[in-house]
Amino acid sequence: MKVGIRVPACDRPDRLASVAARAETLGFDEVWFPDSQLLWRDVFSVLSVTALRTERIGLGTAVTNVATRHPSVVASAARTVAELAPGRFTLGLGVGNSSVVPIGLRASTRAELREGLAQLRALLGGEEWDYGPVRSRLRDPAPSVPVHLAASGPRNLRLAGAVADGVILLSGVSPETLAAAAAQVREGAREAGRSGDVPLTVSAFCEVTDDVLASARKLKPICASIAQNGGAPFLALAGIRLDVPDRIDEVYPDIGHAEDWDRAVKVADRWVSDDDALAFAHAFCLVGTAEEVAARLRETFEAGASGVFLQHVGSYDPPHDLIEAVGGDVLPRL
């Protein structure tokens, strides 16, 4: 049972490595960095520096993609980080939403994601891959790198269960939503003839606070973003039914990564009520006192999660406060 922290690659790699080192000191098990070439620094550069500045903590991408990065490029980058952090690196892979939207590309289809993962596995495992006129392989491969797929919708959850070494869930920490997502993963594994449990890592926004309602209001853009990106069925399990348009032009670059968060909250008010936000905070997030957050974490692990990584609201500053609050007052309770 692992508790991690998500750190946006929003600063110089050496400074971000210091953030990860502080999380390691306070007892976090993992640190995950997202990948978006226009929003943040290059994720593999950040991971390489962090690998040299830490000793124990697990490192991962949450997540990179095969839409803006060719699978062979991802394989080489993953191998490089794995060499610097033996046994500590997990390659998290997704459809590429925050990477493709700012440059007018589309996210990976399920077929493209499946093909990309197969190519990554082959190259990292030292096998040749057929590139049409040539067959090529990766020198000095790294066959031990686990590949986890991020998923929110039912079809991608089943795909993850069928082909991935683990799943990064974007479906909340309530027993109902977690059970529904896990069922889809198990169904995908069963259809693919796989045996054994697929590790489930839950992504959850977190704040240690006495004012849950104020925190919930800040989460409205996140709730709207999940509705946009295939998570509506899981929101509905928590009684949240939203009709959010696919495109929202009033915020940049998108409502889930808005540079002006206060404006994003006001825009999200159109679709997400205060009641919806409060239900979202309770079902999908870890918001409350240190004792309450610790209790919810225990419940999440008891419901079948093998790991949780915590996120703060905002994409352009490190989660210093969250690391200190959870590391200082929540992890000791576990």
Side-chain angles (χ1 to χ4, degrees), residues 1-35 40-64 74 77-94 124 142 144-148 150 164-169 173 199-208 286 290 293-294 297-298 300-301 305-312 314-315 317-334:
M1 298 182 293
K2 299 178 180 179
V3 179
I5 186 77
R6 179 183 181 268
V7 178
C10 58
D11 201 351
R12 286 176 10 185
D14 56 333
R15 292 173 181 160
L16 295 169
S18 296
V19 175
R22 178 60 177 164
E24 181 176 67
T25 297
L26 290 176
F28 284 87
D29 299 296
E30 300 171 322
V31 59
W32 299 79
F33 293 98
D35 179 21
W40 301 304
R41 295 355 179 234
D42 177 74
V43 69
F44 291 104
S45 298
V46 171
L47 281 161
S48 295
V49 176
T50 302
L52 297 174
R53 294 279 297 274
T54 56
E55 297 178 356
R56 173 194 57 81
I57 199 166
L59 307 176
T61 54
V63 290
T64 190
V74 177
R79 179 267 316 275
T80 301
V81 177
E83 287 177 329
L84 296 173
R88 293 197 284 142
F89 178 60
T90 299
L91 182 64
L93 193 67
L124 289 169
S144 62
V145 175
V147 183
H148 290 203
D165 298 310
V167 188
I168 298 172
L169 298 179
V173 295
L200 306 176
T201 299
V202 179
S203 167
F205 282 84
C206 178
E207 185 173 0
V208 179
L286 296 164
V293 170
L297 278 170
R298 291 191 199 97
T300 304
F301 290 128
S306 54
V308 175
F309 69 79
L310 309 176
Q311 301 190 51
H312 73 313
S315 295
D317 63 304
H320 295 297
D321 292 344
L322 183 58
I323 289 172
E324 296 300 325
V326 173
D329 209 14
V330 175
L331 296 184
R333 297 172 187 267
L334 299 176

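It should be emphasised that the depicted structure is a prediction, and the values quoted were computed from it without experimental measurement.
A305 and V202 get closest at one heavy-atom pair: CB-CG2, 3.8 Å. Heavy-atom minimum distance, W32 versus T90: CH2-CG2, 3.9 Å. Heavy-atom minimum distance, V145 versus A82: CG2-CB, 3.6 Å. Considering every non-hydrogen atom in both P8 and P319, the closest pair reads CD-CD, 4.2 Å. In terms of heavy atoms, P13 sits closest to S45 at CB-O, 4.3 Å. The shortest heavy-atom contact between A294 and L334 is O-CD2, 3.6 Å.
Side chain of R53 to main chain of A21: no donor-acceptor pair is present (N/O by atom type, distance under 3.5 Å, no hydrogens or angles). Looking only at distances, no side-chain donor or acceptor of E30 sits under 3.5 Å from a matching main-chain atom of G60. Judged purely by atom type and a 3.5 angstrom limit, H312 uses its side chain to pair as donor or acceptor with the backbone of D317. Formation of a donor-acceptor pair under 3.5 Å by the R333 side chain with backbone atoms of V293 is not found in this model.
Side-chain atoms of T50 and F33, non-hydrogen and from C-beta on, do get closer than 4.5 Å to each other. Side-chain contact check for C10 versus P318: some heavy-atom pair is nearer than 4.5 Å. The shortest distance between side-chain heavy atoms of T54 and V31 does not fall below 4.5 Å. Using a 4.5 Å heavy-atom threshold, the side chains of T201 and V167 count as separate.
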Test T61 against L91 for side chain to side chain contact (heavy atoms under 4.5 Å, CB included), laying out the working first.
CA-CA 6 Å; T61 54; L91 182 64; 3.6 Å; yes
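Evaluation of the side-chain contact (heavy atoms from CB on, under 4.5 Å) rule for A23 yields I5, F28, I57, I323 as partners, not counting sequence neighbours. The side-chain contact (heavy atoms from CB on, under 4.5 Å) search around D321 returns none, not counting sequence neighbours.
With values rounded to the nearest 0.5 angstrom, D29 atom CG is found 12.5 Å from R88 atom CZ. A distance of 9.0 Å separates CG of D42 from CG of L47, quoted to the nearest 0.5 Å. L200 contributes atom CG, which lies 11.0 Å from atom CD1 of I168 (distance to the nearest 0.5 angstrom).
Partner of V330 under the side-chain contact (heavy atoms from CB on, under 4.5 Å) criterion, chosen from V3, L297, L322: L297.
Legend: side chain to side chain donor-acceptor pair (under 3.5 Å) pairs involving residues 3-13, not counting sequence neighbours, sorted by first then second residue: R6-Q311, D11-R15, R12-D14.
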